[in-house]
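First comes the structure, then the notes that go with it.
All residue numbers refer to positions in the sequence shown, counting from 1.
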Amino acid sequence: MALATRVIACLDVDDGRVVKGVNFEGLSDAGDPVELARAYGEAGIDELVFLDVTASHQGRGTLIDVVERTASQVFIPLTVGGGVRSATDVSALLRAGADKVSINTAAIKNPELVTELAARFGSQCIVASVDARRTRKGEEPTESGWTVTTHGGRTATGLDAIAWAAEVAERGAGEILLNSMDADGTKAGFDAPLIAAVRKKVAVPVIASGGAGSPADLPPAVEAGADAVLCASILHFGEASVAELKDALAGAGVEVRR
């Protein structure tokens with residue numbers, strides 16, 4: 001029996017509030033993270049992702065508090081990321097109630113950190129977040145045509161995004177959170193070619209992120225190879241319910257959890 005495709009709600013947290021913008025710019029307030037998390041849990045969401053979008057050292061305490069309050073009220077898997085730089089950070093978030101921790105920029109700076117964290121905490125706890133977009137004119141070209149970025153997609157690293165996803169999986173990351181920075185916040189649909197390219201290179205689960213604009217956008221992402229689909233704006237602003245998202249998947253023949 002095939003594993004059910006997960007529907008995940010992503011909450012970008014800034015200074016204790018959920019925010020959302022387009023390509024990580026023009027952020028607007030979307031509500032209290034704990035209240036939203038509880039509502040999504042009651043509505044049948046499979047998992048939650050909290051991302052500290054400011055990823056500042058000063059903001060870490062606020063995120064820990066949000067995680068603790070959420071974990072005490074919501075009993076579904078919770079992944080937390082943003083500003084995670086060390087095993088100490090991972091340990092603190094897991095103690096606060098996170099089930100998994102997402103690592104991004106720190107892994108780019110020190111790939112061995114992924115290996116270290118997977119060995120210490122287990123691959124099931126480590127999610128590698130890959131912010132990928134197509135290379136632009138004037139940037140260093142990559143073999144696949146996609147580059148890994150930082151700073152909300154604004155800074156290209158020169159790393160080939162497909163090769164990088166494969167490397168972090170080989171180093172022990174249990175999942176790939178694949179963020180299409182071209183599609184993020186646009187509501188124009190997931191980047192199916194990007195998903196398919198990563199799917200061919202990794203055996204671990206791939207979470208598709210960036211571009212969900214309607215329930216109809218989810219089945220093509222799964223067809224391209226996603227094991228889970230992540231949604232933000234359409235949930236936060238009431239444009240689609242969890243039930244409608246799962247209905248769209250089920251209607252396309254995709255196994256979902258009810």
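- Considering every non-hydrogen atom in both Phe190 and Ile195, the closest pair reads CB-CD1, 4.0 Å.
- A salt bridge does not link Lys187 to Asp217: none of the charged side-chain nitrogens sits closer than 4.0 Å to a carboxylate oxygen.
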Practice item. Go through Leu11 and His236 one step at a time and tell me if the side-chain contact (heavy atoms from CB on, under 4.5 Å) criterion holds. Key: CA-CA 9 Å; Leu11 291 80; His236 303 337; 4.0 Å; yes
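- Taken from CG in Asp184 to OG1 in Thr186, the straight-line distance is 7.5 Å, to the nearest 0.5 Å.
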Point to revise | side-chain contact (heavy atoms from CB on, under 4.5 Å) assessment of Ile45 paired with Leu235 | key: CA-CA 10 Å; Ile45 205 74; Leu235 287 172; 4.2 Å; yes
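- The closest side-chain heavy-atom distance from Cys125 to Val90 is not below 4.5 Å.
- When all heavy atoms are compared, the tightest approach of Leu218 to Cys231 is CD1-SG, 4.1 Å.
- Interatomic distance, CE of Met181 versus CG of Leu194, reported as 11.5 Å (0.5 Å rounding).
- Using a distance-only test at 3.5 Å, with no hydrogens or angles considered, a donor-acceptor pair links the side chain of Asp182 to the main chain of Arg134.
- Remark: the backbone N or O of Val49 is not paired with any side-chain donor or acceptor of Thr79 at under 3.5 angstrom.
- Across Ala118 and Gly172, no two heavy atoms sit closer than the pair CB-O, 3.5 Å.
- Closest of all the heavy-atom pairs between Asn179 and Ser209 is OD1-OG, 3.1 Å.
- Checked by atom type and distance alone, the side chain of Ser91 never pairs as donor or acceptor with a backbone atom of Ala87 at under 3.5 Å.
- Contact annotation: the side chain of Asp12 never approaches that of Asp14 to less than 4.5 Å [non-hydrogen atoms, C-beta and beyond].
- Distance CZ/Arg257 to OG1/Thr5: 9.5 Å, rounded to 0.5 Å.
- Two residues are said to be in side-chain contact when any heavy atoms from C-beta on lie closer than 4.5 Å; Leu51 and Cys10 meet this criterion.
- Ser86 is listed as a side-chain neighbour of Asp89, based on a closest heavy-atom distance under 4.5 Å.
- Val34 is listed as a side-chain neighbour of Thr70, based on a closest heavy-atom distance under 4.5 Å.
- The OG atom of Ser123 sits 12.0 Å away from atom NZ of Lys100, with the distance rounded to the nearest 0.5 Å.
- At least one donor-acceptor pair closer than 3.5 Å links the side chain of Thr157 to the backbone N or O of Val148.
- Other residues, nucleotides and ligands contribute over 12 non-hydrogen atoms within 6.0 Å of the CD atom of Glu139.
- Using a 4.5 Å heavy-atom threshold, the side chains of Phe50 and Leu93 count as separate.
- Going from atom CG of Leu63 over to atom CD of Glu68 covers 10.0 Å, rounded to the nearest 0.5 Å.
- Between Arg133 and Thr147 the shortest side-chain heavy-atom distance falls below 4.5 Å.
- For the pair Asp227 (side chain) and Val206 (backbone), a donor-acceptor distance under 3.5 Å is present.
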Practice item. Start with the C-alpha distance between Val74 and Tyr40, add both sets of side-chain angles, then the distance that settles side-chain contact (heavy atoms from CB on, under 4.5 Å), and finish with yes or no. Key: CA-CA 9 Å; Val74 184; Tyr40 293 147; over 6 Å; no
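- For the pair Glu167 and Arg171, the salt-bridge criterion is met [side-chain N within less than 4.0 Å of a carboxylate O].
- Applying the 6.0 Å contact sphere to CD of Gln73 captures more than 12 heavy atoms from other residues, nucleotides or ligands.
- Distance check, rounded to the nearest 0.5 Å: CD1 of Ile103 to CG of Leu117 gives 5.0 Å.
- Using a 4.5 Å heavy-atom cutoff, the side chains of Ser144 and Lys201 are not in contact.
- In plain terms, the two heavy atoms of Gly213 and Ile234 that are nearest each other are O-CG2, 3.4 Å.
- For the pairing with Asp46, the salt bridge (charged side-chain N to carboxylate O under 4.0 Å, His left out) check across Lys246, Arg6, Arg258 returns one residue only, Lys246.
- The heavy-atom pair separating Gly158 from Thr142 by the smallest distance is O-CG2, 3.9 Å.
- Side-chain atoms of Asp160 come within 3.5 Å of backbone N or O of Ile162 as a donor-acceptor pair.
- For the 3.5 Å distance criterion, the side chains of Asp131 and Asn104 qualify, holding a donor opposite an acceptor.
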